Structure formats: C-alpha cells, structure tokens
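As the structure is a computational prediction, the values presented were derived from the model and not from experiment.
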Amino acid sequence: MEVFPSPLESAKFIADNSKDVSVDEEGARRVAESLFDKVSAADFGLAGWKSLHELNPQAASEEAVDWVFLVDTLNFSFWSEQEEQKYLVKYKGKTHSGYWSLCAAVNRALDDGIPITRALYYATMTLDQVKHVFRSDTEVPMPLIEERHRLLNESGTVLLERFGGSFLTCVKMSKKSKKKVSFYKRAQILVADTWSVLEGKGDGSFDDISSLTIFADYRIPQVLVHLKAMKYSEELMKKLREGTVFHSGDKEEVEIRGCSIWCCALICKHLLELYDKKGQDMREKINAVLLDYYLWDYARDHREEMKDIPFHRVRCIYY
C-alpha cells in the first residue's frame, strides 16, 4: 500500500523547492505579531464559527453534523468566470455568493421541506432535483453541477452502506482522532467543521486537531500575499492577472497551495512562541484550523484592499 506524506510534510518540500512562490518567514512572523491580541477574541476562537456566520448550524446535534458533511462534500469551485456574472442565492432577504451561496441553498431547501442533508435522500437524487435545490437567483448556474450530483449519489451511498446513513456514526468510529492518513482540502475541512459544529466537545473532541493544516484554496494564498507573508514571482503574477486557468496539479498551482500551508504553519509556530515568552501555553487555542477560519474571513472583509492581488483559477472538485 502506497503511503503518502502528510499535507504538512508535502508543504515543506514544496516550499523548499518552489520557484514561483516563496514564503517570507519574517512576513509570517509579522502576521503572528499582528494576531497576538486577537487570539483571545471571539472572531479567532472556535465560538466564532457559529456566532459570526448565521448560515452555519447553531446547535451541536446529529442534524448539524449531517449538514456539515453535505456542505463539505460540495465545498469546491465557486469562483466566477466574470466578476459581474455570479452564481447567487437569495435567502431570508440576503444575497449570498461563493461558499455561502451553497450554505444558503442548503438552508433554503431544508426550509422548503426537502431533506437534503439526509443520505437516504441525496443517495438517489436525480440531476434535475440537484439543479432545483442549488438553483441560482441569477442566470449563472452553480459550477460543476453534474460533478456535484455524482458526488452526492456516491457519498450518500457510502454513508448508507457503511455508517447507517449518518456521518456522526463515522465520527464516533474515529475514536476522537482523524487517523493517520493524508488529508486534502475537502477532507481536512470536513474534520475541522465537524470539530467546530460539535464545539470540540463529546464526539467532536479530536485530540489531534492541531495536526490539521490550513485548507489551501483560493482566498488563503491571496490574503497571505496581501499580508506580505508570501510572494509570487513576476512571471506568476502576470499569469494570474491575465486570468490564466490552471489545471489541478500544475506546478504553479501546487506551489501556491503548498507554500500557503507551510506559511500558515510558520504563523502558528511564531504565534505560539510569542505566548510562550509570556509564560502562556496556548496550544489548545492556536491551530491551523482557527487560523484558516480567521484568514478566510479576513479575505472576505478586506476584498477591496486585496483586489490588486488576483487569486489563482482552477476548475476542479478538489477545492
């Protein structure tokens, strides 16, 4: 059986050998210093996952875990071909884009009496049913809808056959650990969001949550370059500004994601060192999951300031 290196091991190798992307350790240290006073605030901690995002489940229940599993199964590729034409979902008087359009569509379906978070339902959904649930309030449809249909049927079938139709059963079988496997973006974020929705307690009290890395997507690399913790070569920046669409596994794409993971690992390291100097052990309150949540929200809230730094484009199911 082939053994893959962990995401963090992979990230270090990529960062050490990267040509078009570089991690600025001093920049990472400065980001850690800027976060020092924010770590104790709600917008950095686990509580912020619920309190700051009204579309997320507010209860720590089996239904909430099922919601997390469904959403993270479909949590990929929301970027728009053109800024003025987007997939948007209106829900309770607000219009949502990107990842939040997915959450809004799921909550809209639940309000309409569609049991979209139940494996028994989505294991046999037709493509037309999927298109209806995730319909757009613009003329732009959700990207990769056929792939999302396939994944819903596939994941629902696996849950029914192996875990009695409940992802919480899978969580219980993990015995509060992720196991020693190589997790990629969607797999890691599923573990992290399960930990978050269960508030890190009971079945969600994973002892090794700090071994997760950040979830390298589009926005995290963008914000790291904005914060000067990471740098792109002129050649790569030119390609990004021209709107080049990369393929999953392209050298540039691998470097961007790998360096992002390593850069955030350094930020966490420096942040912990700052607290160690103050005589405070913050290992249970500082990890890559919470850093990812914070940076992702930062990218959303500072989008105008970051518009001169383009994100990399890859149309795939992996992120």
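Formation of a donor-acceptor pair under 3.5 Å by the E255 side chain with backbone atoms of K19 is found in this model. For the pair S136 (side chain) and V140 (backbone), a donor-acceptor distance under 3.5 Å is present. A donor-acceptor pair under 3.5 Å is formed between the side chain of N17 and the backbone N or O of F13. Put simply, the side chain of Q129 gets close to the backbone of T126: a donor and an acceptor are under 3.5 Å apart. In terms of modelled atom types and a separation under 3.5 Å, the side chain of T138 and the main chain of K86 share a donor-acceptor contact. When atom types are taken as modelled, the side chain of S18 and the backbone of A15 share no donor-acceptor pair closer than 3.5 angstrom. Side-chain atoms of Q280 do not come within 3.5 Å of backbone N or O of D276 as any donor-acceptor pair. In this structure, Q222 contributes its side chain and I309 its backbone to a donor-acceptor pair below 3.5 Å. Side-chain atoms of Y218 come within 3.5 Å of backbone N or O of V314 as a donor-acceptor pair. The backbone N or O of M230 sits nowhere less than 3.5 Å from a side-chain atom of D24 that would complete a donor-acceptor pair.
Heavy-atom neighbours of E234 CD from other residues, nucleotides or ligands within 6.0 Å: at or below the threshold of 12. Within a 6.0 Å radius of CZ in F36, more than 12 heavy atoms belonging to other residues, nucleotides or ligands are found. The number of heavy atoms from other shown groups lying within 6.0 Å of CG (L120) does not exceed 12. Dense packing is recorded around CZ of R150, with more than 12 heavy atoms of other residues, nucleotides or ligands lying under 6.0 Å away. No more than 12 heavy atoms of other residues, nucleotides or ligands lie within 6.0 Å of CZ in R162, so this atom counts as exposed by the packing criterion. Counting non-hydrogen atoms of neighbouring residues, nucleotides and ligands closer than 6.0 angstrom, the NZ atom of K12 reaches no more than 12 such neighbours.
Side chains of T213 and Q188: a donor-acceptor N/O pair is present below 3.5 angstrom, by distance only. Judged purely by distance below 3.5 Å, without hydrogens or angles, the side chains of H270 and E25 pair a donor atom with an acceptor atom. If you check the side chains of S166 and E62, you find a donor sitting under 3.5 Å from an acceptor. Side chains of D16 and W262: no donor on one and acceptor on the other come within 3.5 Å. For the residue pair H226/D308, the side-chain donor-acceptor check at 3.5 Å is not satisfied. In this model, a donor atom of one side chain and an acceptor atom of the other lie less than 3.5 Å apart for Y91 and D111. With no hydrogens or angles considered, a side-chain donor-acceptor pair links H149 and N153 at under 3.5 Å.
Here D66 contributes atom CG and R118 contributes atom CZ; the two are 8.5 Å apart, rounded to the nearest 0.5 Å. From I214, atom CD1 reaches atom NZ of K185 across 10.5 Å, with rounding to the nearest 0.5 Å. Between the CG atom in L227 and the CG atom in L295 there is a gap of 7.0 Å [rounded to 0.5 Å]. From L110, atom CG reaches atom CD1 of I116 across 8.0 Å, with rounding to the nearest 0.5 Å.
Residues C268 and A288 share a closest heavy-atom pair of SG-N, 3.7 Å. Residues P7 and I261 share a closest heavy-atom pair of O-CG2, 4.2 Å. Nearest approach of S80 to Q85, heavy atoms of both residues: CB-O, 3.5 Å. Of all heavy-atom pairs between T73 and S155, the closest is CG2-OG, 3.7 Å. When every heavy atom of G156 is checked against every heavy atom of A123, the shortest pair comes out as C-CB, 3.6 Å. In plain terms, the two heavy atoms of P115 and G113 that are nearest each other are CD-O, 3.5 Å.
Using a 4.5 Å cut-off on side-chain heavy atoms (C-beta onward), H247 and D250 make contact. W79 is listed as a side-chain neighbour of R315, based on a closest heavy-atom distance under 4.5 Å. Between K251 and F246, every side-chain heavy-atom pair lies at or beyond the 4.5 Å cut-off. Contact check for F134 versus V89: no side-chain heavy atoms found under the 4.5 Å cut-off. F69 places none of its side-chain heavy atoms less than 4.5 Å from the side chain of D193. When side chains are defined from C-beta on, E146 counts as touching L127, because their heavy atoms get closer than 4.5 Å. In this structure the side chain of H312 reaches within 4.5 angstrom of the side chain of P221, judged on heavy atoms. For the pair K238 and S233, the minimum side-chain heavy-atom distance is 4.5 Å or more.
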- Message: If you apply the rule side chain to side chain contact (heavy atoms under 4.5 Å, CB included), what do you find for R29 with I267, and how did you get there?
- Response: CA-CA 6 Å; R29 194 187 305 276; I267 292 172; over 6 Å; no
- Message: Is there a side chain to side chain contact (heavy atoms under 4.5 Å, CB included) between D217 and I189? Walk through the geometry before answering.
- Response: CA-CA 11 Å; D217 60 5; I189 204 168; over 6 Å; no
- Task: I would like to know whether F76 and L151 meet side chain to side chain contact (heavy atoms under 4.5 Å, CB included); could you show each step before the answer?
- Result: CA-CA 12 Å; F76 56 85; L151 288 170; 3.6 Å; yes
- Residue pair L240, R313: steps toward the side chain to side chain contact (heavy atoms under 4.5 Å, CB included) verdict: CA-CA 8 Å; L240 295 175; R313 295 167 177 257; over 6 Å; no
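Both the sub-6.0 Å distance and the 45° axial angle are satisfied by R148 relative to the ring of F78. A cation-pi contact links R257 to Y319, judged by a cut-off of 6.0 Å to the six-membered ring centre and 45° from its axis.
Shown here are the side chain to side chain contact (heavy atoms under 4.5 Å, CB included) partners of V289, two or more places apart in sequence or in another chain: A192, W195, I209, L212, F215, N287, Y293. Contacts of K307 classified as salt bridge (Lys or Arg N to Asp or Glu O under 4.0 Å), with partners at least two apart in sequence or in another chain: E304.
V21 and V254 sit in two unconnected hydrophobic clusters of ILVMFWY residues. Membership requires side-chain heavy atoms under 4.5 Å apart, directly or through other members. Put simply, M125 and L160 are part of two different groups of oily side chains (I, L, V, M, F, W, Y) that touch within less than 4.5 Å, one to the next. Under the 4.5 Å side-chain contact rule for hydrophobic residues, L236 and I14 do not share a cluster. By the criterion of side-chain heavy atoms lying less than 4.5 angstrom apart, applied directly or through intervening Ile, Leu, Val, Met, Phe, Trp or Tyr residues, I256 is grouped together with V245 in one hydrophobic cluster. Both W100 and L102 are assigned to one and the same hydrophobic cluster, defined by single-linkage of ILVMFWY side chains at heavy-atom distances under 4.5 Å.
Salt-bridge annotation for E54 and K94: present, with a side-chain N of the basic residue lying under 4.0 Å from a carboxylate O of the acidic one. Using a 4.0 Å cut-off between charged side-chain N and carboxylate O, K172 and D203 make a salt bridge. Using a 4.0 Å cut-off between charged side-chain N and carboxylate O, D281 and R283 make a salt bridge. For the pair E273 and K277, the salt-bridge criterion is not met [side-chain N within less than 4.0 Å of a carboxylate O].
Y298 and Y294 have tilted rings, their planes meeting at an angle from 30° to 60° on a 0 to 90° scale.
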